[in-house]
2 protein chains.
Amino acid sequence: MTEPPYTIQQAAAQTGLSVHTLRYYEDAGILPGIRRNGSGHRCYDEQDLGWIRWLKMLRNSGMSIEMIREFVQLSQQGNDSIEARCQILDAHRQKIRATISELEGYLHLLDQKLLFYRGLEDG
Amino acid sequence: MTEPPYTIQQAAAQTGLSVHTLRYYEDAGILPGIRRNGSGHRCYDEQDLGWIRWLKMLRNSGMSIEMIREFVQLSQQGNDSIEARCQILDAHRQKIRATISELEGYLHLLDQKLLFYRGLEDG
DNA sequence: GTATCAATTAGAGTGCACTCGAAGTCAAGG
DNA sequence: CCTTGACTTCGAGTGCACTCTAATTGATAC
């Protein structure tokens with residue numbers, strides 16, 4: 001039942017990242033625009049949490065901090081950079097697709113190995 | 001047109017791993033039984049190359065060196081360990097399946113984001 | 001007013017999987 | 001003989017993405 005603005009602890013709890021990681025992301029330049037309260041403490045609103053979740057998705061899907069930084073820098077350049085941003089996302093999508101195919105291939109190999117082992121057990 | 005036994009260079013060339021990595025894998029205990037020639041040099045036969053390719057698959061599909069080491073140790077214990085080995089492979093298969101589903105979810109999110117951006121561009 | 005607690009910063013440490021370098025050995029070629 | 005080149009070992013270095021520590025500040029609770 002908490003509501004914005006959130007402390008860094010609360011933001012961490014709501015996004016599943018650690019407090020350390022939130023600060024690290026800010027330092028790394030992929031989490032810009034976090035405001036501070038009168039005491040200099042970070043405070044996060046819903047939009048920030050949304051961006052953090054988006055970051056989390058990009059990281060989990062294998063995009064490097066470096067590439068995300070590029071994407072963020074483009075985002076800060078306004079609407080002229082939308083095409084460039086789409087290219088990054090498109091490339092990433094292709095990379096994910098390739099990873100999925102690769103993994104599916106490995107699944108087949110594993111199945112074969114398992115069949116082989118289970119054959120050994122029975123005979 | 002080379003044929004066994006292979007030097008470490010040749011084994012590296014044939015498997016796509018580096019010479020360094022082949023030695024590292026041996027030290028790490030996941031590439032046992034590599035014989036040496038009169039000069040103490042490693043020599044690899046087809047079976048070794050097969051195992052190296054299998055290792056490569058396990059690594060590429062996200063199995064840790066640590067887990068592979070466990071698997072190798074079981075392999076060296078003879079046929080009694082087949083069930084345990086199957087369990088490891090089965091768990092890994094599940095992990096790969098989970099990863100694939102996760103990635104497919106991310107693909108959807110990316111598609112949505114791209115639709116959103118392309119909407120911005122047009123209007 | 002002082003203890004507690006959450007926050008701040010800069011910078012160092014961690015874990016994984018390589019990756020490389022230095023120093024030395026050894027066999028074949030000119 | 002001496003150079004070249006591939007090999008050896010041991011141990012240190014790299015890159016990424018965190019992850020943690022230490023020292024400090026500042027607000028709230030009693």
Side-chain angles (χ1 to χ4, degrees), chain A residues 2 4-45 48 51-72 92 95 99 106, chain B residues 2 4-45 48 51-72 92 95 99 106:
Chain A
T2 51
Y6 301 108
T7 67
I8 195 169
Q9 288 290 352
Q10 290 167 332
Q14 303 247 347
T15 59
L17 294 178
S18 74
V19 169
H20 288 301
T21 300
L22 288 177
R23 286 197 279 257
Y24 168 73
Y25 279 1
E26 216 176 313
D27 289 353
I30 65 176
L31 182 49
I34 303 299
R35 286 166 302 105
R36 303 301 180 102
N37 67 12
S39 322
H41 293 190
R42 292 167 178 81
C43 46
Y44 301 79
D45 58 24
D48 295 327
W51 183 259
I52 293 167
R53 293 196 185 97
W54 167 245
L55 285 181
K56 208 181 157 184
M57 186 282 275
L58 291 177
R59 285 291 304 120
N60 284 346
S61 60
M63 189 180 282
S64 70
I65 298 278
E66 182 59 32
M67 183 64 80
I68 297 175
R69 185 157 34 223
E70 257 180 63
F71 184 81
V72 169
H92 188 54
K95 194 181 131 187
T99 303
Y106 295 147
Chain B
T2 51
Y6 302 108
T7 66
I8 196 170
Q9 287 290 351
Q10 290 167 333
Q14 302 246 349
T15 59
L17 294 177
S18 74
V19 169
H20 287 301
T21 301
L22 287 178
R23 285 198 279 257
Y24 168 72
Y25 279 1
E26 216 175 314
D27 289 353
I30 65 176
L31 182 48
I34 303 300
R35 287 166 300 106
R36 303 302 178 103
N37 66 14
S39 320
H41 293 190
R42 291 167 178 83
C43 45
Y44 301 79
D45 59 24
D48 295 326
W51 182 259
I52 293 166
R53 293 197 185 96
W54 167 245
L55 285 181
K56 206 180 159 185
M57 187 281 275
L58 291 177
R59 285 291 305 119
N60 284 346
S61 60
M63 189 181 280
S64 70
I65 297 279
E66 182 59 31
M67 184 63 80
I68 296 176
R69 186 158 30 224
E70 257 181 65
F71 183 80
V72 169
H92 188 54
K95 195 180 131 186
T99 304
Y106 295 147

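To find a chain, count down the sequence lines: A is the first, B the second, and so on, and within it residues start at 1.
- Taking atom CE of A:Met67 as the reference point, atom C1' of D:dA17 lies 16 Å away to the nearest angstrom.
- Counted within 6.0 Å of CE on B:Met57, heavy atoms from surrounding residues, nucleotides or ligands total more than 12; the atom is thus considered enclosed.
- Looking at heavy atoms from C-beta onward, B:His41 lies out of side-chain contact with B:Thr7 at the 4.5 angstrom threshold.
- Spacing between atom NZ of A:Lys56 and atom C1' of D:dA17 amounts to 15 Å, rounded to whole angstrom units.
- In this structure, A:Tyr25 does not reach the D:dA17 phosphate: none of its side-chain N or O atoms is under 4.0 Å from OP1 or OP2.
- The phosphate of D:dC20 (OP1 or OP2) has no side-chain N or O of A:Tyr24 nearer than 4.0 angstrom.
- With the nearest nucleotide of DNA chain D identified for both A:Gly38 and A:His20, A:His20 has the one nearer the 5' end.
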Check against side chain to side chain contact (heavy atoms under 4.5 Å, CB included), A:Ile34 and A:Trp51:
CA-CA 11 Å; A:Ile34 303 299; A:Trp51 183 259; over 6 Å; no
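- Separating the CE atom of A:Met63 from the P atom of D:dC16 is a distance of 16 Å, rounded to the nearest angstrom.
- The distance from atom CD1 of A:Ile65 to atom C1' of D:dC18 is 8 Å, rounded to the nearest whole Å.
- Protein atom CG of B:Leu22 is 14 Å distant from nucleotide atom C1' of C:dA17, rounded to whole Å.
- Salt-bridge annotation for B:Glu26 and B:Arg36: present, with a side-chain N of the basic residue lying under 4.0 Å from a carboxylate O of the acidic one.
- Using modelled atom types, one finds no donor on one side chain facing an acceptor on the other under 3.5 Å when comparing B:Tyr6 with B:Asp45.
- Atom CG of A:Leu17 and atom P of D:dC18 are 8 Å apart (whole Å).
- Backbone-only contact: A:Ser64 has heavy atoms under 4.0 Å from sugar-phosphate atoms and none from a base.
- With distances taken from any side-chain atom of A:Thr21 to the nucleotides D:dT19, C:dA17, C:dT19, the minimum falls on D:dT19.
- Between A:Glu26 atom CD and D:dC18 atom P the separation is 15 Å, expressed in whole Å.
- Under the 3.5 Å distance criterion, with hydrogens and angles disregarded, a donor-acceptor pair is assigned to the side chains of A:Ser61 and A:His92.
- The CG atom of A:Leu58 sits 17 Å away from the C1' atom of D:dC16 (whole-angstrom rounding).
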Assign a letter to each nucleotide of nucleotides 7-12 of chain D from its 5' end: B, base within under 4.0 Å of a protein heavy atom; S, sugar-phosphate only; -, no contact.
SBB---
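- Between A:Ile30 and A:Leu55, the shortest heavy-atom contact is O-CD1, 3.3 Å.
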